[in-house]
Amino acid sequence: MNSQVVTNPEDIARLYRELSLFPSLSRADVGPVVTSQYGGKYSNIYTEWSQRDLDRNENVNFCRQYIVFHDDKSVVYSGASGNCTEIKGELQSKDSPSGDMKAVVRECTIKGEDKQFLEIWSKNIKMKSINLTALKKHGKVYEDDQFGCLVWSHSETHLLYVAERKRPKAKSFFQSESPELSSIGDEEETVSSEEKETVKGEQFVFHEDWGEGLVGKSCPVLCVLDIEGDNVSVLEGVPDNISPGQAFWAPGDTGVVFVGWLHEPFRCGLKFCPNRSSSLYYVDLTGGKCEQLTSGTSAVSSPRLSPDQCRIVYLECAVFGPHMQCSRLCMFDWYTKKTSVVVDVVNRPGEDGFTGIYSSQLSRQCWSADSQRVIVSCPQRSRKDLLMVDTSTGSVTSLTSKSDVGCWCLLNIERDLMVVSCSSPNCPPRLRVGFLPPRDSQEELVWVTLEDSQMLPEIDWQILTFTPPPEQDNSQYPGLDFEALLIKPKEVKDGVKLPLIVTPHGGPHSVFVADWFLYSSVLCRMGFAVLMVNYRGSTGYGQDNILSLPGNVGTQDVKDVQFAVESVLKGDEFDMQKVAVSGGSHGGFLACHLIGQYPGFYKACVSRNPVTNLASMIGSTDIPDWCMVEAGFDYTTDCLPDPAVWEQMLNKSPIRYVTQVQTPVLLTLGEDDKRVPSKQGIEYYRALQAKKVPVRLLWYPGNNHSLSKVDAESDGFMNIALWIIQHLWK
Ligand SMILES: CC(=O)N[C@@H](C)C(=O)N[C@@H](C)C(=O)N[C@@H](C)C(=O)O
C-alpha cells in the first residue's frame, strides 16, 4: 500500500520547527479611553504572547501593542502600534486603572543572588524600585494563576500581591555562635533582629506545598505596598487554616476580598483541581477582622468585582468528587451580603444546547460595563465558545456558536470592548476585538482582527459524534453520547489509506476542544490522521457525562475510545493495519489499557507520564483523592489503605493487562512530576521488559507532569513521530 507519510527525520524536524513558530496569546489589557482634540476616541491594547524558541530551548515571552479607534460601541480603525518586545525578568506587571502608572514585579540576579523588586513606572521614569528581598517581610512573590495577583487599589495608592510567608532563618544546634555583642571600635553592634529570630533544629522540617505546578508554594500571605510610604505590610487577620489567593480590593478600598483554600489536615494538589474546599473571605483594613462570605461547604474560585463595585461573581463546585465538574456561576451582593446562583449545574443539556459552565478560571475582567452581564469562555462539547450570562435573569447566550472557528478565549473586556484569542485545529491563535452589543439589542457583534494568523489549507478537521452501543450504555447515566475531533490531511492521493493516531485526552475530566494543537498539526502535515477522543467522562457535555465515569475507569472510557476507532475504521479512509495510540496522564492510562485489552490492534503506543497502577500511585501522588474517586470510592482525608480498595484499584489499572501487550511502547517521563510520579511509568516499563515487549523510555530532567518545556516537548515529538513510523511500517 503506498503511503504519503513524511518519514525522513530532517523533514519532520523542519515541519516541527515551522509550525512551532506560531505564538500563543497569554494576556491582553485594554488601556483607558483617550479622546483626541477632534473628539476621536482610542484605546491601547497591550498583549503578551509566548513562543517556543528551539535554539534557546525556552519559551520566549513578548508583548505587542495595538491601537483601536472607536466610538464606545464599534471599532472605527485599528492597527499595531510598534513591533514586538521580548519580556525578560518580569514575574508580573499591571497598569494602574487610570493608565498613569505601571507596577512590575521583577526578578533579577545580583552578585549571584536572586532578588525581587517591586517597580513603579510612570510615563518614561521608573519612579520606585523596592527591593522586596532586602525588606525580608515575606518570601518569594507568587506569579502563578492559582494564588497570584497584582492589583492596584481603586485609589492607585496601594498595591496588593501574594507572596510566601516569611520563614525564620534556621540553623544547627552545633553551628558556632556569632558573639551576641561584637564591638567595633567604640561602638557595640547588637545582633541583628534576624539573628534573634533564628531558630535551631528547624533546618530540615518538611513544609508540604500545593503540589504539581505549585512546588515550593506552601503558605501564601497577602501583602500590601503603600506606594507613598514605600512600606510593605503583610495582612493580618487571615485564618491560620487557610491559604489565601486571587485577592482584590473591596469596594472603596476598605479591605481585601480573596479566596481561602483549607490546608488542614493536609494540602492536596491544587492544579487542575478546583474541587478543593475553599471560600470567599473579606479582611477589612481598619480592624483587621476577617469575615467569611461564602458557606465553606463548597469549592470557589475566580471572584470578580462588577464595575459598579456592587457585586462579585465567582465559580463554585462540589468539594472532592470528580476534579473538574460542571460549575455554578454564583454572585455575592456586597451590600445585602447575600449569595445567589446565577447559572446552576447542568446535568443534561437542554433544547438550547447549553451544556453548563466548565471553567476553573474566569478571565481577569469579565463584566459588561453596565454591571449586568458576564462573559465566560468555556467548553461546549468539542468547541470552546464565548457565553454571555445575564446576571439578573440567568439567561445564557452563546456569542460564537455559529462561528466556524472552533475555540474562542476571552482575554479581557473593558467598557464592553472584548479582546479574544480565537483558533482552530487548522488555524493558530488570532487576536480579535469586538464590542459587546448593548443589553437586549439585536445589533450584530462585529469582530475586528488585530493580529491574523495563517490558516493551514493542508489540514482538515471535523467533529464526530458517537452513541455507545446498547451493551455499553451506562445504566446509571443512560443515553449519553460522546465526540471526537478528527484531524486529517486535506489532500489524499488516490488509493492511499491514511495511517491513524488515536489520542484520548487526560484528566479524565477534561476535553479536547477544536483548538490549535502543535503535535496534531505536525502529525497531520506528515500525513497522519489524528482522532482526539472526548470519551464519556469529558467536561463540556453535562454533569451526568462526568459522573458516568468514576468507578468505571479502565472499562467505559476504554470501550468508548475503541468504539470510536472501530467506527471510523469502518470507512475506507484509514489503514487499519496502521493504527497507533498516544496519550498523557489519564490519556496514557487509556493508551496502556487499549494495547492490553486489544492485543495486536495497535501497532505502536506512546504513553506520557501515564497512570499505570492506581494502587501504587495513591501513596505518592499529590492527588490521592483522585485515585480513590476514579476507582469508584468516596475519599476522606482520614482514609487508610484497605486491601479491598487496593484490589479494585489494581483491577482497574492497565498494569493488570500487561501480560497481553504485544504493541511496542514508548514511555516519556518527567523527572519532577508530582501529579503522576515517574515510578508509575517505570513500573510499567519493567513489566514490559520482563515480557520482552519492545519498550523505550525517555526521561526528561527538569520537567514536570506537563512535559511542556521546550526540550521535552520538541525531543518528545521527534521520538514519538519516529517511534510510530518505525513500528507502523516495519
Ligand atoms: C481534569 C484533570 O486534569 N484532573 C486532574 C486531577 C489531573 O491532573 N489528572 C491527571 C491524572 C491527568 O490526566 N491530567 C491531564 C489533564 C494531563 O494531561 O495532565
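All figures in this text were calculated on a predicted structure; none of them were measured in a lab. Counting starts at 1 for both ligands and their atoms, in listed order. We use all heavy atoms of the structure for the numbers below, so side chains are in, but hydrogens, waters and symmetry mates are not.
Below 4.0 Å from some heavy atom of Ile623 lie the following atoms of ligand 1, by number and element: 6 (C). Near Met324, with a cut-off below 4.0 Å to any heavy atom, the atoms of ligand 1 are 1 (C). Short contacts between ligand 1 and His586, defined as distances under 4.0 Å to a heavy atom of the residue, involve ligand atoms 12 (C), 13 (O).
Compare Arg675, Arg608, His323 by their heavy atoms: the one nearest to atom 7 (C) of ligand 1 is in Arg675. For atom 12 (C) of ligand 1, the choice among Gly211, Gly506, Cys268, Ser585 with the nearest heavy atom turns out to be Ser585.
Between Phe147 and Trp261, the ring center distance clears the sub-6.0 Å criterion. Ring to ring, Phe482 and Tyr535 are not that close: their centroids are 6.0 angstrom or more apart. The six-membered or imidazole ring of Tyr358 lies away from that of His509, with a centre-to-centre distance of 6.0 Å or more. Annotation: Phe272 is not in aromatic contact with His323 [ring centroid separation under 6.0 Å not met].
Between Lys674 and Glu212 there is no salt bridge, since no side-chain nitrogen of the basic residue lies less than 4.0 Å from a carboxylate oxygen of the acidic one. With respect to Arg267 and Asp209, no salt bridge is recorded, no charged nitrogen being found less than 4.0 Å from a carboxylate O.
Ligand 1 has a nitrogen or oxygen under 3.5 angstrom from a nitrogen or oxygen of His705.
Nearest non-hydrogen protein atom to atom 4 (N) of ligand 1 is Gly507 O, 3.2 Å. Looking at atom 1 (C) of ligand 1, its nearest protein heavy atom turns out to be His509 O, 3.0 Å.
For the residue pair Ser548 and Gln476, no side-chain donor N or O sits within less than 3.5 Å of a side-chain acceptor on the partner.
By the criterion of a heavy-atom distance under 4.0 Å, neither the backbone nor the side chain of His505 is placed next to ligand 1.
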